[in-house]
Amino acid sequence: MPTSPTPPSAARVVVLVSGTGSNLQALIDAATDPAYGVQVVAVGADRHGARALERAVRHGIPTFVCRVPDHRDRQAWDAALAEQIGAHTPDLVVSAGFMKILGEAVLSAHTVVNTHPALLPAFPGAHAVADALAYGVRVTGCTAHLVDSGVDTGPILEQVAVPVEDGDTPESLHERIKTVERSMLVDVVGRLARHGHTLTDRKVTIP
Ligand code: GAR
């Protein structure tokens, strides 16, 4: 089903994905309301076959794939990715389950928001949920943050806590995190799109 028409004032958002795309779906659904102020103008992936790409196609949203192995090195991949993102002239880029570290070419050209399934700065990286569970924390959660050149080190926009339950597996805990993560991401992206932000040291203010 194609997305609803969006007023010209809506912020243009490119979403980067690698997997299932439930966070992408939440953004697409929210963007059907013109008052939300977001238009998802493209979805990019680092691999073919990501389920998230199918979601985009179903909604008539343009997609692109930019794979590391198709480029000379990471720098060339990053430059190609920056070009493909830039072709859609986004106001904001959202990394929603995109499992690659973005480089200078992308980050110097775009404001990028990432969502991460842990309470940063605890448990950065690709295995955050399993790492938190293995550590034995009783509370974990999710974080939306601006992306900088580090691994999950950028200024924090929002965090929501999720209690760990006895008997949790990485899968069960991740599913509970993702339920609150989707609402957090929709809320943060909408506020950034409608109001912009200022950054003082590591403190982000959304007016
Ligand atoms: C989300 O939980 C996101 O935080 C995580 O991948 C999941 C994607 O779910 N990202 C990372 O772990 C990045 N380090 P989705 O494909 O259903 O939106």
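What you see below is based on every heavy atom in this structure, not just the backbone, and it leaves out hydrogens, waters and symmetry mates. Remember, it's 1-based here, ligands and their atoms both numbered in the order they're listed.
- Under a 4.0 Å N-O distance rule, the pair Arg74/Asp78 does not qualify as a salt bridge.
- Under a 4.0 Å heavy-atom criterion, Gly125 is in contact with ligand 1.
- For atom 12 (O) of ligand 1, the closest non-hydrogen atom on the protein side is Pro117 CD, 3.4 Å.
- Close approach to His116 involves these atoms of ligand 1, each under 4.0 Å from a residue heavy atom: 4 (O), 14 (N).
- Between His174 and ligand 1 there is a heavy-atom distance shorter than 4.0 Å.
- Protein heavy atom in closest approach to atom 4 (O) of ligand 1: Glu181 OE2, 2.3 Å.
- Heavy-atom distances between Gly21 and ligand 1 reach below 4.0 Å in at least one pair.
- In this comparison of Arg55, Lys178, Met99, the heavy atom closest to atom 11 (C) of ligand 1 sits on Met99.
- Nearest non-hydrogen protein atom to atom 8 (C) of ligand 1 is Gly97 CA, 3.6 Å.
- Using a 30° and 60° split on the angle between ring planes, Phe98 and Trp77 fall in the parallel class, below 30°.
- Within 6.0 Å of the CZ atom in Arg72, the count of heavy atoms belonging to other residues, nucleotides or ligands does not exceed 12.
- Side-chain contact annotation: Gln25 with His59, donor-acceptor N/O pair under 3.5 Å present.
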